[in-house]
Amino acid sequence: MSSGLHDRIARVIKRIPRGRVATYGQVAGLAGSPRAARQVVWVLNARSEKDRLPWHRVINSQGKIGLRPGDGYELQRALLVDEGLVFENDRVDLSRFQWRPRNSIV
DNA sequence: AACCTGACTTCGG
DNA sequence: TCCGAAGCCAGGT
């Protein structure tokens, strides 16, 4: 059973637990389209509010926040810090905070 | 249909 | 470790 890629991406994002983060590529992969990292961005912009997605839990493969200072960076970082993530030089340690889902069925 | 755009990713230097 | 280039997908113009 499967819906459109965007719906699957949105569902994956909703599953990211508090205190953990997922990378764009990881979300795309869990949604069944490993090369569609940019579609994750599209979904975040188009549906974060409407679908109440935990948008702040998605960061890039380097453990950094994609949003730029003055354009959401501060808010995202603050939200993550609230959830217990630790930033060192503008990045989080993925080996420590990356979400590792047990069942990846979408 | 061509071309641009983006909260990306990987790879090479 | 830090860029830049190239590859990537799909929506918008």
Side-chain angles (χ1 to χ4, degrees):
Chain A
M1 229 312 328
S2 81
S3 328
L5 175 59
H6 291 173
D7 286 327
R8 297 199 304 279
I9 287 175
R11 289 205 297 272
V12 170
I13 295 172
K14 286 184 182 176
R15 292 174 50 206
I16 307 172
R18 256 187 88 84
R20 306 243 104 194
V21 290
T23 68
Y24 301 91
Q26 176 187 9
V27 170
L30 290 170
S33 188
R35 312 281 186 84
R38 313 196 82 139
Q39 292 320 294
V40 174
V41 171
W42 192 94
V43 170
L44 287 171
N45 281 315
R47 308 172 49 168
S48 280
E49 195 162 349
K50 178 164 95 72
D51 293 346
R52 300 199 178 177
L53 305 176
W55 60 272
H56 59 288
R57 301 187 185 134
V58 185
I59 62 180
N60 68 30
S61 63
Q62 311 311 305
K64 294 184 180 174
I65 287 174
L67 293 169
R68 309 222 305 254
D71 189 33
Y73 172 89
E74 293 84 353
L75 173 59
Q76 181 167 14
R77 176 163 170 154
L79 290 170
L80 290 175
V81 168
D82 275 349
E83 299 190 353
L85 272 83
V86 178
F87 282 80
E88 304 173 72
N89 295 317
D90 290 321
R91 88 175 52 186
V92 301
D93 183 349
L94 288 179
S95 69
R96 192 173 152 199
F97 295 108
Q98 181 170 29
W99 175 42
R100 275 143 194 121
R102 272 145 183 289
N103 84 46
S104 47
I105 309 292
V106 184

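Residue numbers begin at 1 in each chain, while the letters A, B, ... track the order of the sequences.
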ask   = Do A:K64 and A:I59 come within less than 4.5 Å of each other through their side chains, counting heavy atoms only?
value =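 With C-beta onward as the side chain, the pair stays apart.
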
pair A:Q98-A:V92: side-chain heavy atoms closer than 4.5 Å =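 Result no, sub-4.5 Å side-chain heavy-atom pair not found.
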
With a non-hydrogen cut-off below 4.0 angstrom, is [X] in contact with a base, only sugar-phosphate, or nothing?
X: A:D71; answer: nothing
X: A:R38; answer: base
X: A:T23; answer: sugar-phosphate

query = Just wondering, more than 12 heavy atoms not from A:R100 lying within 6.0 Å of its CZ?
reply =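 Counting other residues, nucleotides and ligands, CZ of A:R100 exceeds 12 neighbours.
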
Which whole-number value in Å describes the distance from [X] [atom1] to [N] [atom2]?
X: A:I9; N: B:dA7; atom1: CD1; atom2: P; answer: 14 Å
X: A:N60; N: C:dC3; atom1: CG; atom2: P; answer: 14 Å
X: A:Q62; N: C:dC2; atom1: CD; atom2: P; answer: 10 Å
X: A:L44; N: C:dA10; atom1: CG; atom2: P; answer: 16 Å
X: A:D90; N: C:dT1; atom1: CG; atom2: C1'; answer: 15 Å
X: A:R47; N: B:dG6; atom1: CZ; atom2: C1'; answer: 18 Å
X: A:R35; N: B:dT10; atom1: CZ; atom2: C1'; answer: 10 Å
X: A:D7; N: C:dA10; atom1: CG; atom2: P; answer: 14 Å

message = OP1 or OP2 of B:dG6 versus the side-chain N and O atoms of A:N45: is any pair under 4.0 Å?
response =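 So the side chain of A:N45 is outside the cut-off, no N or O lying under 4.0 Å from OP1 or OP2 of B:dG6.
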
query = For A:S61 and B:dT9, is the shortest distance between a side-chain N/O and OP1 or OP2 below 4.0 Å?
reply =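 Yes, within the criterion.
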
key: Salt bridge A:D51-A:R11, side-chain N to carboxylate O under 4.0 Å   =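 Result for this pair is no, no salt bridge flagged.
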
message = With nearest nucleotide decided by heavy atoms, which residue, A:Q39 or A:G25, maps closer to the 5′ end of DNA chain B?
response =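 The answer here is A:Q39.
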
request  = Please determine, for the side chain of A:H6, which listed nucleotide (B:dT9, C:dG11, B:dA7) has the closest atom?
outcome  =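 In terms of side-chain proximity for A:H6, the closest of B:dT9, C:dG11, B:dA7 is C:dG11.
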
message = Quick check for you: to the nearest 0.5 Å, what is the distance between A:L44 atom CG and A:Q39 atom CD?
response =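 Rounded to the nearest 0.5 Å, the CG-CD separation comes to 11.0 Å.
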
